[in-house]
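For reference, the structure is listed below as structure tokens.
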Amino acid sequence: MGDVLAGLHAAWEFGSDSVLIRYERGIRTPKLFQALGERQVPLEAIEGVTLTPGRRGTVVLRVELRPGADPLLEAAAGQLKESSDPYRLVLPAERETLAEYYADELRARLTESGPAERHLVTAPKAPRFKAYDGKAAFDGSAVSFRWFWTGASSAKWKAGDQRFPIGELSGVEWRSPEVFEGHLRLLRRDAGAPAQPDQDPAAVVFGLGYGPVHESLPFAAAVLAAVRDCAPVPVPAARVRRDPADIAERIRHLGELHQAGLVTDEEFSSKKAELLSEL
């Protein structure tokens, strides 16, 4: 492939193993798109492609990512407005045939589906941002909250400014500032039931003009990606090897059952191979 398909607010470049989405900069481009700049989406992160009618003489081409493939969508948890979906490309209706061609080309190259075991799309950078009650920052190894005396609750003032190493976190909870009581909460390992966000020193709350989507969501995604990367890798259990004498005795007994007609040829061969694999 290698072609470029330009639409409203973005252009998609189709590579051999990925789709590069570049977002336009302009007063009408959603601020989230401007903050992201671009998204490199490996084909292994995509499980579907749709082309649907849009509004006012447009069509919408969309790639559907596998659950867990993108930290941005994982952090958003379905709260993004349709117009802020970074994986939609809006095109004039007269380009529907061309869009259908690219949709078919993409579908033919997809081989993966279902939840991804790891993030396949790189997390965005984490900008510092102001919430209603404090300032949030992330340096790659720890998240820090500095409280504002004009907005922070007495509980947060008593707790003092906070710093949370990534290794102490299990996840991130983001609630969009575009809905009632938006907030960003850090989920700590082995922590008890969380308090209300305005009382929880591990959370900052959003308000009018504080913690906007284009700042707080990339921040949440970057922290979530770092938490996932920091999670311990499970060590496979050591294979227990059986005593050769015990295996030999069990095979001998299995042979007796086979000779007696109590075990079929197929069962004997299968069980014998299973026992030998334990050596």
Side-chain angles (χ1 to χ4, degrees), residues 1-26 28-56 58-93 95-96 98-126 172 174 176 178 212-222 224-225 228:
M1 299 174 75
D3 297 338
V4 176
L5 183 61
L8 184 64
H9 304 319
W12 290 12
E13 180 178 341
F14 301 91
S16 60
D17 58 0
S18 65
V19 177
L20 176 60
I21 303 176
R22 291 192 175 95
Y23 302 103
E24 295 179 353
R25 294 188 178 277
R28 295 185 178 181
T29 302
K31 290 184 177 180
L32 177 60
F33 295 0
Q34 297 184 51
L36 294 175
E38 64 181 36
R39 300 252 83 192
Q40 185 89 36
V41 187
L43 295 185
E44 63 176 325
I46 304 173
E47 69 174 358
V49 184
T50 62
L51 182 64
T52 58
R55 299 179 180 178
R56 300 176 183 177
T58 63
V59 292
V60 179
L61 178 64
R62 183 176 185 273
V63 290
E64 299 175 342
L65 271 59
R66 298 166 58 193
D70 179 17
L72 186 81
L73 293 187
E74 186 176 353
Q79 299 173 75
L80 281 177
K81 293 181 178 179
E82 184 179 10
S83 60
S84 296
D85 183 346
Y87 301 112
R88 293 170 70 252
L89 184 65
V90 181
L91 300 152
R95 306 190 72 187
E96 181 176 2
L98 183 61
E100 184 64 52
Y101 165 77
Y102 283 110
D104 288 342
E105 286 289 305
L106 268 179
R107 293 188 190 105
R109 301 169 71 89
L110 302 182
T111 59
E112 304 292 337
S113 63
E117 295 182 356
R118 59 184 177 86
H119 291 148
L120 301 171
V121 182
T122 302
K125 294 182 179 179
V172 178
W174 181 78
S176 174
E178 297 178 341
V213 171
H214 70 279
E215 293 180 354
S216 61
L217 179 56
F219 186 100
L224 180 61
R228 293 286 186 272

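Note: E82 CD to R55 CZ = 6.0 Å, rounded to the nearest 0.5 Å. Taken to the nearest 0.5 Å, the CG atom of D70 stands 3.5 Å off from the OH atom of Y87. Atom-to-atom distance recorded for H214:NE2 and Q34:CD is 8.5 Å, nearest 0.5 angstrom.
Every residue two or more places apart in sequence or in another chain that forms a side-chain contact (heavy atoms from CB on, under 4.5 Å) with V90 is listed here: L8, T58, V60, R88. Every residue meeting the ring pair (Phe, Tyr, Trp, His ring centres under 6.0 Å) condition with Y23, not counting sequence neighbours, appears here in chain and number order: F33.
Side chains of V213 and E178 form a contact here, defined as non-hydrogen atoms less than 4.5 Å apart. Two residues are said to be in side-chain contact when any heavy atoms from C-beta on lie closer than 4.5 Å; S176 and L217 fail this criterion. A heavy-atom distance below 4.5 Å is not found between the side chains of I21 and L36. Residues L5 and L91 are in side-chain contact: their nearest non-hydrogen atoms beyond the backbone lie under 4.5 Å apart. In this structure, R39 and P124 have side chains that are in contact, with non-hydrogen atoms separated by less than 4.5 Å.
Smallest separation of non-hydrogen atoms from D17 and R109: N-NH2, 4.5 Å. Considering all non-hydrogen atoms of both residues, E96 and L51 come closest at O-CD2, 3.9 Å. Residue V59 comes nearest to A93 through the heavy atom pair CG1-CA, 4.2 Å, listed as atom of the first residue, atom of the second, then distance. Heavy-atom minimum distance, G114 versus P67: O-CD, 3.9 Å. H9 and R28 make their closest contact through CE1-O, 3.2 Å (heavy atoms, listed as atom of the first residue, atom of the second, distance). Summarising the geometry of L224 relative to V172, their closest heavy-atom pair is N-CG2, 3.9 Å, with the distance given to 0.1 Å.
Under the 4.0 Å criterion applied to side-chain N and carboxylate O atoms, R107 and E100 are assigned as salt-bridge partners.
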Requested in this report: I would like to know whether L72 and V121 meet side-chain contact (heavy atoms from CB on, under 4.5 Å); could you show each step before the answer?
Outcome: CA-CA 9 Å; L72 186 81; V121 182; over 6 Å; no
Query raised in the report: Taking it one step at a time, do Y102 and L106 satisfy side-chain contact (heavy atoms from CB on, under 4.5 Å)?
Result: CA-CA 6 Å; Y102 283 110; L106 268 179; 5.9 Å; no
Query - side-chain contact (heavy atoms from CB on, under 4.5 Å) between T52 and R62, intermediate numbers included - result: CA-CA 8 Å; T52 58; R62 183 176 185 273; over 6 Å; no
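Residues S18 and Q40 bring a donor and an acceptor atom of their side chains to less than 3.5 Å of each other.
Of the options L20, D3, L61, a side chain to side chain contact (heavy atoms under 4.5 Å, CB included) to W12 is made by L61 and by none of the others.
Here the side chain of E47 pairs no donor or acceptor atom with the backbone of E112 at under 3.5 angstrom. No side-chain donor-acceptor contact under 3.5 Å links R66 to the backbone of E117. Here the side chain of R95 pairs no donor or acceptor atom with the backbone of G7 at under 3.5 angstrom.
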